[in-house]
Colleague: 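Quick one: structure below, then a few questions.
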Amino acid sequence: MKLVSPSMYTVPKTAALMAGTEPAAPGHAQDGKSAPKCCRWCGKPLVNPKRNQECCNAECRDAWERSKRARRKQAAAGKPKGTCLWCDGSFDKMRQQQDFCCPEHQQAFNNFWKGKGPALAKALHAWRVGKAKGGLTDVCREFSAAREELKDKRTKARAVATSKGEKR
Ligand SMILES: [Zn+2]
Ligand SMILES: [Zn+2]
């Protein structure tokens, strides 16, 4: 009576490689032998394809690469662009409500407006709730002043970043 299944004693596949009896054929191991590779452009089966070979000849390869590039370009063009509220740089929108090119700029923007918020809110309050005469002008003035300061800050921040060798 056997207590242990015979599979316990099967030799691991790596043992053969380590012994050097059967050198690994690079590129073929993961392809499998059952499905022959076909030219990505014309669909003809590839005869003894090299590793990473996708097409049967240079012409097909050129055409295939061209179509790949075109598709990539189209995909990039299809993405909606946003303009960063902090650096005015354009970026690919990953989600609908994205206003910043990177988390750092969102942080910088938030920090800045946190300080400016109360003055702006006061002006808004006077305009909408207090119905102050020329209230909207005050709101605009507060906002413009803050924007100017923001621009100034941003320029300085950028100068520091550039001197550090960062690209932003
Ligand atoms: Zn081909
Ligand atoms: Zn930005």
Side-chain angles (χ1 to χ4, degrees), residues 1-114 116-117 143 146-168:
M1 184 178 136
K2 273 185 202 157
L3 291 172
V4 196
S5 95
S7 66
M8 287 283 287
Y9 295 103
T10 44
V11 183
K13 277 176 193 155
T14 47
L17 294 180
M18 286 195 291
T21 47
E22 207 182 345
H28 286 275
Q30 62 271 64
D31 295 344
K33 287 199 170 81
S34 52
K37 265 176 138 182
C38 292
C39 175
R40 304 272 264 177
W41 184 248
C42 71
K44 262 193 287 184
L46 301 180
V47 185
N48 296 325
K50 287 192 200 80
R51 193 190 166 92
N52 297 332
Q53 187 180 338
E54 291 185 310
C55 297
C56 62
N57 58 34
E59 276 163 58
C60 281
R61 197 185 55 222
D62 283 351
W64 170 245
E65 290 295 333
R66 259 201 306 275
S67 84
K68 263 207 287 199
R69 267 199 300 274
R71 260 176 292 146
R72 251 202 302 266
K73 223 173 158 183
Q74 208 170 32
K79 257 190 209 152
K81 293 270 181 202
T83 304
C84 180
L85 290 183
W86 182 252
C87 71
D88 287 338
S90 78
F91 59 91
D92 294 333
K93 274 197 176 187
M94 299 301 172
R95 42 175 215 281
Q96 191 61 43
Q97 299 300 329
Q98 191 179 348
D99 294 321
F100 302 93
C101 68
C102 60
E104 287 80 14
H105 287 177
Q106 175 154 29
Q107 191 66 52
F109 183 89
N110 288 352
N111 285 346
F112 176 79
W113 283 106
K114 223 185 272 170
K116 295 291 150 201
F143 182 73
R147 278 284 289 178
E148 283 308 310
E149 201 182 316
L150 184 149
K151 266 190 222 159
D152 187 52
K153 252 195 168 141
R154 205 176 51 187
T155 311
K156 275 178 197 152
R158 205 181 280 164
V160 171
T162 325
S163 71
K164 275 190 212 154
E166 285 171 22
K167 279 181 217 153
R168 274 224 204 273

Colleague: For K151, give me all partners under salt bridge (charged side-chain N to carboxylate O under 4.0 Å, His left out), at least two apart in sequence or on another chain.
Modeller: E148
Colleague: Return the set of residues passing side chain to side chain donor-acceptor pair (under 3.5 Å) with S67 (not counting sequence neighbours), or none when no residue passes.
Modeller: R71
Colleague: How would you list, by chain and number, every residue that makes a ring pair (Phe, Tyr, Trp, His ring centres under 6.0 Å) with F91, sequence neighbours excluded?
Modeller: none
Colleague: Roughly how far, to the nearest 0.5 Å, is CH2 of W41 from CG of N57?
Modeller: 12.0 Å
Colleague: Once you round to the nearest 0.5 Å, how far does SG of C55 lie from NZ of K37?
Modeller: 10.0 Å
Colleague: Any idea which heavy atoms bring G43 and C38 closest together, and the distance?
Modeller: O-CB, 3.6 Å
Colleague: Please name all residues satisfying side chain to side chain donor-acceptor pair (under 3.5 Å) with W64, sequence neighbours left out, ordered by chain then number.
Modeller: E54
Colleague: With sequence neighbours excluded, tell me which residues meet side chain to side chain contact (heavy atoms under 4.5 Å, CB included) with L85.
Modeller: D99, F100, F109
Colleague: Taking ring pair (Phe, Tyr, Trp, His ring centres under 6.0 Å) as the test, write out the residues that go with F112, two or more places apart.
Modeller: none
Colleague: Measuring from C87:SG to H105:NE2, what's the distance to the nearest 0.5 Å?
Modeller: 5.0 Å
Colleague: For N52, check side chain to side chain donor-acceptor pair (under 3.5 Å) against everything at least two apart and list the hits.
Modeller: none
Colleague: With a 4.5 Å heavy-atom cut-off, do L46 and C39 have their side chains touching?
Modeller: yes
Colleague: State whether the side chain of Q98 and the backbone N or O of M94 hold a donor-acceptor pair below 3.5 Å, judged by distance alone.
Modeller: yes
Colleague: Mind checking salt bridge (charged side-chain N to carboxylate O under 4.0 Å, His left out) for K81 and listing every partner two or more places apart, or none if nothing turns up?
Modeller: D92
Colleague: Please name all residues satisfying side chain to side chain donor-acceptor pair (under 3.5 Å) with E149, sequence neighbours left out, ordered by chain then number.
Modeller: K116
Colleague: How close do D88 and T83 get, heavy atom to heavy atom, and via which atoms?
Modeller: O-CG2, 3.6 Å
Colleague: Sort and list the pairs that fulfil salt bridge (charged side-chain N to carboxylate O under 4.0 Å, His left out) and have at least one residue in residues 55-67, not counting sequence neighbours.
Modeller: E65-K68
Colleague: So, using side chain to side chain contact (heavy atoms under 4.5 Å, CB included) as the criterion, who are the partners of Q107 when residues are at least two apart?
Modeller: N111
Colleague: For D152, which residues count as a side chain to side chain contact (heavy atoms under 4.5 Å, CB included) partner, sequence neighbours excluded?
Modeller: K156
